[in-house]
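Contents: one structure, followed by commentary.
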2 protein chains.
Amino acid sequence: MTIKRKYHHGALKEALVDAALELLAEGGPASLSLSEAAKRVGVTAAAPYRHFASRDDLLNEVARRGFLSFGERIEKAWDEGRPDASTAMWRMCAGYLAFARDEPGLYSAMFGSVATLSAPASAAAADHALEILWRSVVAFLQQRGAPAQGARKLALQVWALAHGVAMLSISGHLDAAKDLDPAHVLDGAIRNLMESAIRRAETARG
Amino acid sequence: MTIKRKYHHGALKEALVDAALELLAEGGPASLSLSEAAKRVGVTAAAPYRHFASRDDLLNEVARRGFLSFGERIEKAWDEGRPDASTAMWRMCAGYLAFARDEPGLYSAMFGSVATLSAPASAAAADHALEILWRSVVAFLQQRGAPAQGARKLALQVWALAHGVAMLSISGHLDAAKDLDPAHVLDGAIRNLMESAIRRAETARG
DNA sequence: ACCTGAACACCGTTCAAGT
DNA sequence: ACCTGAACACCGTTCAAGT
């Protein structure tokens, strides 16, 4: 009664995605190999091509799912702005950095590859994540009694800031600043950004 | 009188670096191949190993030089804060984004690879680039009569912001915001960051 | 000291053949 | 419909041998 692999795996696509996440966690996007994923799952190197058009296609699917769980995570962290917008905004930023810190390989796959993430599915998932950020900024401005006029630009700035800190942190460039932890740097900058926006609104109102 | 390649190339190391820059420009870090660089230069795939320990070693050398020319570029753009700190800061940020836009492959090689850029030489070059940013922030604060107290943290925030915008721009995530160009987004954010810092100094002074 | 040639393991990808 | 086996081009890397 030896354990035999069935000829048909049954859930090969899911298994390959899981293996890809493993590889990403172990060595980043560079070590995501279709062959290695196939080997770990117990199929031939050619088998994945029934489910993915190419290596980049697999990477893209992984990135797409990454954006989805990323969006869920920061949405939960925002928690509809409870107990107040400032606290929730801080918590969301911390959640953003925590995701990048906990899954640097996945985060790099989502944002790192220049030409790879051209697929529309992945782009849509990324836009969804941005939208959550945008809604948070709008809610923040509303709670402070400011108009949501420049919210889109502000959301983009918040995103760029969080992304920049995350990437510099992942790549180790922030390690030189031993006394400054990433979350602290980001929090201070976000605070400045939001305060400036609110102040400008107040000044405009007279 | 046929043109014959000398057995000894003479300047193989330099030639390989140049070829690597070409490959980087054509297809990003993923298409930087030691074999392809060797082929373009006209030597065997094994020849580069006299000059570079590995593919990553070549990539690292290219990144190191990238940081050097990047540092020169933003230093020139800053131009010692002429005619005034605000204008110079804007010009430096524009120069930062222009570098990333003109050489996306090189910029990605400099910042993108997570595990690759672990070499101390490359890290030192990166730190030097950050120092230029830091000096600019200090000069900005001085010209505005504010103390240079939080300059280091502020420089890190400026860097993260510029890096974030550059990366999002390179990876195409900013294209969704058709009406907002990267330089404009960055400029607005930097302005808010600096103004908040100055205002805080003024409040503290009473 | 610097490069070639041959070799090996690995990877992406294709395709005819198996279940 | 899904997977194997064999095949090809390509790449990183090593090493003995050539100049």
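Just so it is clear, the values below take in all heavy atoms, side chains as well, and ignore hydrogens, waters and symmetry mates. Note on naming: letters A, B, ... go to the chains in the order of the sequence lines (proteins, then strands), and numbering restarts at 1 for each one.
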| message | Closer than 4.0 angstrom, basic N to acidic O: yes or no for E195(B) and R191(B)? | response | no

| query | Taking the side chain of S54(A) as its heavy atoms from C-beta onward, which of dT13(C), dT14(D), dC2(C) lies nearest to it? | reply | dT13(C)

| In whole Å, what is the span from the CZ atom of F52(A) to the P atom of dT14(C)? | 16 Å

| task | Go through dG12(D), dC3(C), dT14(C) for me and flag the one nearest to the R50(B) side chain. | result | dC3(C)

| task | Output yes when at least one side-chain N/O atom of S33(B) is less than 4.0 Å from OP1 or OP2 of dG12(D), else no. | result | yes

| task | Kindly determine whether D57(A) and S54(A) satisfy side chain to side chain donor-acceptor pair (under 3.5 Å), including the steps that lead there. | result | CA-CA 5 Å; D57(A) 192 31; S54(A) 64; 5.6 Å; no

| So, is H51(A) near the phosphate of dC3(D), with a side-chain N or O under 4.0 Å from OP1 or OP2? | yes

| request: May I ask you to evaluate whether T44(B) reaches the phosphate of dC3(C), defined as a side-chain N or O under 4.0 Å from OP1 or OP2? | output: no

| message | Give me the stems containing DNA chain D, sorted by first residue, counting only three or more consecutive Watson-Crick or G-U pairs with both distances under 3.5 Å; say none if there aren't any. | response | C:4-8 with D:12-16, C:12-16 with D:4-8

| message | Please report the distance, rounded to the nearest Å, between CZ in R55(B) and P in dC10(C). | response | 18 Å

| query | OP1 or OP2 of dC10(D) less than 4.0 angstrom from a side-chain nitrogen or oxygen of S35(B), does that happen here? | reply | no

| said: In this structure, is the centre-to-centre distance between the rings of F70(B) and H128(B) below 6.0 Å? | reply: no

| task | Rounded off to whole Å, could you give me the CG-to-P distance for the L16(B) and dC2(C) pair? | result | 13 Å

| task | Select from A53(B) and H8(B) the residue whose nearest nucleotide in DNA chain D is closer to the 5' end of that strand. | result | A53(B)

| Between dC11(D) (P) and E36(A) (CD): distance, integer Å | 21 Å

| query | More 5' along DNA chain C: A46(A) or L12(B), using each one's nearest nucleotide? | reply | L12(B)

| request: Provide, to the nearest angstrom, the distance between the CG atom belonging to L23(B) and the C1' atom belonging to dC10(D). | output: 14 Å

| request: Check the distance between dC11(C)'s C1' and K39(A)'s NZ and give it to me in whole angstrom. | output: 10 Å

| Once you round to the nearest 0.5 Å, how far does CD of E80(B) lie from OG of S136(B)? | 10.5 Å

